[in-house]
Protein chains: 2
Amino acid sequence: MPAKPIIIADDHPLFRAALRQAVEGAAPERKIIETSSLHGVREAIEKYAPGLLCLDLHMEDSDGFAGLISLRQERPALPIAIISGSEDNSVIKRALRFGASAFVPKSLDVKDIRQAIAAVLDGDVWIPAAVGDDTQDKNEDAAERLVTLTPTQLKVLMMVQKGLLNKQVAFEMSISEATVKAHMTAIMRKLDVRTRTQAVLAANALVVDSDAPHDDA
Amino acid sequence: MPAKPIIIADDHPLFRAALRQAVEGAAPERKIIETSSLHGVREAIEKYAPGLLCLDLHMEDSDGFAGLISLRQERPALPIAIISGSEDNSVIKRALRFGASAFVPKSLDVKDIRQAIAAVLDGDVWIPAAVGDDTQDKNEDAAERLVTLTPTQLKVLMMVQKGLLNKQVAFEMSISEATVKAHMTAIMRKLDVRTRTQAVLAANALVVDSDAPHDDA
DNA sequence: GCGTCTATTCGACCTTGGTCTGATAGACCA
DNA sequence: TGGTCTATCAGACCAAGGTCGAATAGACGC
């Protein structure tokens, strides 16, 4: 069978080059497409029907884990390897929960990255060696529910999370306020909350840097 | 002059004992009062007019930095040394911004803690050696504004941040919903936002929320 | 004591949020 | 082809959020 191309999506040109090197080591015969935005990723997926996506979480338009969830829903069969500067345990676990096939910290050297890519191309799930199994997963429910949101619902929730009014969301998306309200009703039903404030709290599981509140009293 | 007593406030009895030892080393002649809640702290302040408060951030009723801010407003002259399991840079910097006189990580040994206490009793500000100067201070404004909130406003904001309705806040505080709304208006004015969702976003600067330091496998 | 300030309290009033009904249209699947 | 799911929207309706003006009470300066 013909080897499908690989997409590399990262903000940073230098790291993109390094990643390309690692990927070429793992799959020399594959075509590689580079991009630096979620938008570019979607275009590339449309155009090249890739077999693997290496995705940075910190791109301008990726909105934390929301981009990952959307892509997974659009192409469930496409394996996604998350590339991230973070090595935080909760970030790694959330990435996997949201459907990533691998988590590759940027601190890894080329050899290890190559190994990770090879594993994913082989159909495996790859994670860094030292991932603890702390079972303080109370955000598990929230994560479980967030993946059931449709891409449009996710987009609405992202805007609400930034503090926008329904009216403003409607304007940004060029739809009516009534539709935004309908989306919010559906979102809150799925997240099992009753107000937008609580929806925002639940959506904090999507934020990469400072993670959602948990009571480790 | 008579040496004013010292209050030690920490959830953990064992650590409270260790802290007492360190404090006694730094100020042998001082009376020491122990407590394990914010409520206990207030009582002790009322009763003993202390010269120093050693405050843990992770107590049941301390609501992150909100407790620190309240106490600072009630007793601006009382130096407060923050005791915390976290050593995260942003936590330390926020503690100082919110008026702490020292930041003492629990990982320090008794000798260093004694030194920190001594420094604060001397009127100095004490921080751990390795505090970087990473200039990712975008919460600086938010922090600046949060300290202008009155204790009541802070209390309301804490509840709203947990996702409670105005009606629920009113019930919890035994005041009318109209009053809660009035507080919210004042809060939003001070924080320079226009909706409760945005107020909750701003209030996130109060969340301590660091990763559990013990389970780094 | 007397003005002034601010925090807290509240009711009247308007705006935004959220539900429900019901409807249209496209995508996808069986 | 029919059934399900999603996205879109309108209008009515009620609940929640938010502003305004105003009253009270304590703190401060003078």
Side-chain angles (χ1 to χ4, degrees), chain A residues 46 66 69-77 145-203, chain B residues 46 66 69-77 145-203:
Chain A
E46 220 46 58
I69 296 179
S70 291
L71 291 171
R72 285 292 301 159
Q73 284 174 331
E74 294 164 22
R75 304 276 159 152
R145 288 170 184 145
L146 282 167
V147 298
T148 71
L149 296 181
T150 69
T152 312
Q153 289 167 354
L154 213 43
K155 195 173 173 189
V156 170
L157 182 55
M158 288 301 92
M159 294 185 183
V160 171
Q161 193 191 20
K162 294 194 177 89
L164 275 67
L165 305 177
N166 286 341
K167 197 182 298 184
Q168 295 174 304
V169 174
F171 179 78
E172 294 285 337
M173 296 180 65
S174 303
I175 57 181
S176 87
E177 189 180 349
T179 306
V180 176
K181 287 183 177 180
H183 284 311
M184 278 309 292
T185 299
I187 290 168
M188 292 187 292
R189 218 188 281 285
K190 282 186 178 177
L191 297 184
D192 192 29
V193 299
R194 276 147 302 282
T195 69
R196 71 169 36 211
T197 303
Q198 293 173 337
V200 168
L201 296 183
Chain B
E46 221 44 58
I69 296 178
S70 290
L71 290 171
R72 285 293 302 160
Q73 283 174 333
E74 294 163 22
R75 304 277 159 152
R145 287 169 184 147
L146 281 166
V147 299
T148 71
L149 295 181
T150 69
T152 311
Q153 289 167 353
L154 215 42
K155 196 173 173 189
V156 171
L157 182 55
M158 289 298 93
M159 295 185 185
V160 170
Q161 193 191 20
K162 293 192 177 93
L164 274 68
L165 304 177
N166 285 340
K167 195 182 296 185
Q168 294 174 304
V169 175
F171 178 79
E172 294 286 338
M173 296 182 65
S174 303
I175 56 180
S176 88
E177 190 180 348
T179 306
V180 176
K181 288 179 178 181
H183 283 312
M184 278 309 294
T185 299
I187 290 169
M188 293 187 291
R189 217 187 282 286
K190 283 186 178 177
L191 297 185
D192 193 28
V193 298
R194 275 146 305 281
T195 69
R196 74 166 36 211
T197 303
Q198 293 173 336
V200 168
L201 296 184

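Reminder, nothing fancy here: chain letters follow the sequence lines and each chain counts from 1.
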If you apply the rule side chain to side chain contact (heavy atoms under 4.5 Å, CB included), what do you find for A/Met159 with A/Val180, and how did you get there? CA-CA 11 Å; A/Met159 294 185 183; A/Val180 176; over 6 Å; no
Assess the residue pair A/Leu146 and A/Leu157 against the criterion (side chain to side chain contact (heavy atoms under 4.5 Å, CB included)); give the C-alpha distance rounded to whole Å, side-chain angles, the decisive distance to 0.1 Å, and a yes or no. CA-CA 10 Å; A/Leu146 282 167; A/Leu157 182 55; 3.9 Å; yes
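Judged as a salt bridge (charged side-chain N to carboxylate O under 4.0 Å, His left out), and not counting sequence neighbours, the contacts of B/Glu74 are B/Arg42. The side chain to side chain contact (heavy atoms under 4.5 Å, CB included) check on B/Gln153 picks up B/Leu149, B/Thr150, B/His183, B/Ala186, B/Ile187, B/Lys190, with sequence neighbours excluded.
Pairs of residues two or more places apart, or lying in two chains, that qualify as salt bridge (charged side-chain N to carboxylate O under 4.0 Å, His left out) and include a residue from residues 158-174 of chain B are B/Asp63-B/Lys162.
Looking only at distances, no side-chain donor or acceptor of A/Glu177 sits under 3.5 Å from a matching main-chain atom of A/Ala170.
Expressed to the nearest 0.5 Å, how far OG1 of A/Thr148 lies from CD of A/Gln73 amounts to 8.0 Å. Here the CZ atom belonging to A/Arg145 is positioned 5.0 Å from the CG atom belonging to A/Asp192, to the nearest 0.5 angstrom. Put simply, CZ on A/Arg194 and CE on A/Met188 are 10.0 Å apart, with the number rounded to the nearest 0.5 Å.
Running 5' to 3' along DNA chain D, contacts with non-hydrogen atoms of chain A at under 4.0 Å begin and end at D/dT6 to D/dA10.
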Give the B/S/- string for nucleotides 11-28 of chain C, one per nucleotide from 5' to 3', where a protein heavy atom under 4.0 Å of the base yields B, of only the sugar-phosphate yields S, and otherwise -. B----SBBBS--------
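Scanning residues 152-162 of chain A for heavy-atom distances under 4.0 Å to DNA chain D yields A/Thr152, A/Gln153.
Shortest non-hydrogen contact noted between A/Leu164 and A/Arg196 is O-NH1, 3.2 Å.
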